[in-house]
2 protein chains.
Amino acid sequence: MKLKRDDISDRVIQRLTKYLSILHDMKKYEEYINSSELSKIMNTTSAQIRRDLSTFGEFGIRGKGYDIENLISIIERILGIDRINKVILVGHGKVGEMLTSNTEVLGKSFNIVEVFDKSPSKVGKEIKDLNIKIKDIKDIDSDLGKINVDTAILSVIKEQAQIVTDILVKNHIKGILNFTTYKLETPDDVAVVDVNISANLQELNFWKDMLKNKGE
Amino acid sequence: MKLKRDDISDRVIQRLTKYLSILHDMKKYEEYINSSELSKIMNTTSAQIRRDLSTFGEFGIRGKGYDIENLISIIERILGIDRINKVILVGHGKVGEMLTSNTEVLGKSFNIVEVFDKSPSKVGKEIKDLNIKIKDIKDIDSDLGKINVDTAILSVIKEQAQIVTDILVKNHIKGILNFTTYKLETPDDVAVVDVNISANLQELNFWKDMLKNKGE
DNA sequence: TAGATTGTTAATCGATTAACAATC
DNA sequence: TAGATTGTTAATCGATTAACAATC
């Protein structure tokens, strides 16, 4: 039986990425981990760990726990990061530069294969670490036909966000990591995840004040 | 009656930041907005909008809706961004550079007032846009006493994350925006919000594949 | 006053957790 | 086999929503 969109909550997927990170740390020290140990690190219950994983199959060994290496492979496969995923980057401002000069931030399974910008002063410039030249946003249309990419990172200015998104969607992009603060409109078969550092800071600020004003 | 930590879910606060962003866009065109209009933009119900806001008070006018300018002020006050919040930045790598060279990403109410790094090649260097010099992480102790800051942005390497956090906590930092992938351990009265771009991409990748494999 | 939309209650839905039979 | 921990069911908890009285 195949899993459908509604069988899975976004919270489960967010936790999966955290499990993965913890498992990568743990594998240096241990071969197995059980749901109780993992739940302590995650600040949750062992039941939640087991239930989350059981959404996707049976991966544990009763009486023993989970084989860490194995569980890493499984989660990587679930998230689709057991392979190299090609992505394009649209907008080479400060955020874009950070992403092209620091391959580490995206993680090892994501590779930027093209960078687009609309500024004439940037187009044609070489990005040394990636060995590619910045192309004109105008060329997205003709370019995306040649390479087989379905994921884009959007780091243009807010005013261009929807315009560029429409071009991306037209060119069969199915996933957009949105660094703009614009609420993108996309068809149902296009996934969008927003990254909003300012909003994260606002959240932090709220909780910080709340904790300060009453100690827990 | 004062609100306690448990009266408020993190989901409400996350939505508040989104309401704020939408309201800022809307204020150019309209004076009032009602819960039904806002819910359509937010892809939710009008009941959720009204309930979220009513957590903090009564801000609407029956029969009319919400005064946009007024609601912006209210939400900004709730989030504590109706004033300038001083923050320090620890770790001036690629992420740190992006944050100091692009004041826009943090939003207008957050100001970086000190930058620390442990690399001798960076310490002492001037950050032009901010008019401050990078200081040695070793000096956090003596320095934080002088300035009155309770928020830090952590963008050091993973291996240094907990060590630096312990120093920050000792120096009365109460909020940490964590760009490392390390799961920080902090006392109960210190708030932490994680920013993990790689995890966001993993999430996106999952949903993208899910939508692709079955159209909706 | 009539119409509209809020703020809030009660009902529903979904997510978390406790508990335990299954099984390594 | 005895001990431990999984996978899953049923109970609980919390968040969302429908519905409506209050009121602008």
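Order of the sequence lines sets the chain letters (A, B, ...), proteins ahead of strands, with each chain counted from 1.
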**Q.** side-chain hydrogen bond (donor to acceptor under 3.5 Å, both in side chains) involving B/Thr17 - partner list, sequence neighbours excluded
**A.** none
Q) In whole Å, what is the span from the CD atom of A/Gln14 to the P atom of C/dT16? A) 11 Å
Q | Test side-chain contact (heavy atoms from CB on, under 4.5 Å) applied to A/Ser109 - qualifying residues, sequence neighbours left out | A | A/Ile81, A/Asn85
Q) Can you list the residues that meet the side-chain hydrogen bond (donor to acceptor under 3.5 Å, both in side chains) rule with A/Ser36, with sequence neighbours excluded? A) A/Lys40
Q) How close or far is atom P of C/dC24 from atom CG of A/Asp67, stated in whole angstroms? A) 16 Å
**Q.** All side-chain hydrogen bond (donor to acceptor under 3.5 Å, both in side chains) counterparts of A/Glu114, not counting sequence neighbours
**A.** A/Lys135
Q: Under the side-chain contact (heavy atoms from CB on, under 4.5 Å) rule, collect the residues that match up with B/Asp129, sequence neighbours excluded.
A: B/Ser101
**Q.** Runs of at least three consecutive pairs that involve DNA chain D, where pairs are Watson-Crick or G-U with distances under 3.5 Å
**A.** C:3-24 with D:3-24
Q.
According to side-chain contact (heavy atoms from CB on, under 4.5 Å), who are the partners of B/Ser9, at least two apart in sequence or on a separate chain?
A. B/Arg11, B/Val12
Please tabulate, one pair per line, each protein N/O and nucleotide N/O from nucleotides 4-9 of chain C that are separated by under 3.5 Å, including the distance.
residue: C/dT5; atom: OP1; partner: B/Asn34; partner atom: ND2; Å: 3.4
residue: C/dT5; atom: O4'; partner: B/Gly63; partner atom: N; Å: 2.9
residue: C/dT5; atom: O2; partner: B/Gly63; partner atom: N; Å: 3.3
residue: C/dT6; atom: OP1; partner: B/Ser35; partner atom: N; Å: 2.8
residue: C/dT6; atom: OP2; partner: B/Ser35; partner atom: OG; Å: 2.6
residue: C/dT6; atom: O2; partner: B/Arg62; partner atom: NH1; Å: 3.1
residue: C/dG7; atom: OP1; partner: B/Phe59; partner atom: N; Å: 3.0
residue: C/dG7; atom: OP1; partner: B/Gly60; partner atom: N; Å: 2.8
residue: C/dG7; atom: OP2; partner: B/Tyr66; partner atom: OH; Å: 2.7
residue: C/dG7; atom: O4'; partner: B/Arg62; partner atom: NH2; Å: 3.0
residue: C/dG7; atom: O3'; partner: B/Glu58; partner atom: OE2; Å: 3.4
residue: C/dG7; atom: N7; partner: B/Arg50; partner atom: NE; Å: 2.7
residue: C/dG7; atom: O6; partner: B/Arg50; partner atom: NE; Å: 3.3
residue: C/dG7; atom: O6; partner: B/Arg50; partner atom: NH2; Å: 2.9

Q.
I'd like to know if A/Arg83 and B/Asp209 make a salt bridge, using a cut-off of under 4.0 Å between side-chain N and carboxylate O.
A. yes
Q. Residues in side-chain contact (heavy atoms from CB on, under 4.5 Å) with B/Asp166, at least two apart?
A. B/Gln162
Q. Whole Å only: how far is the CG atom of B/Asp10 from the P atom of D/dG14?
A. 13 Å
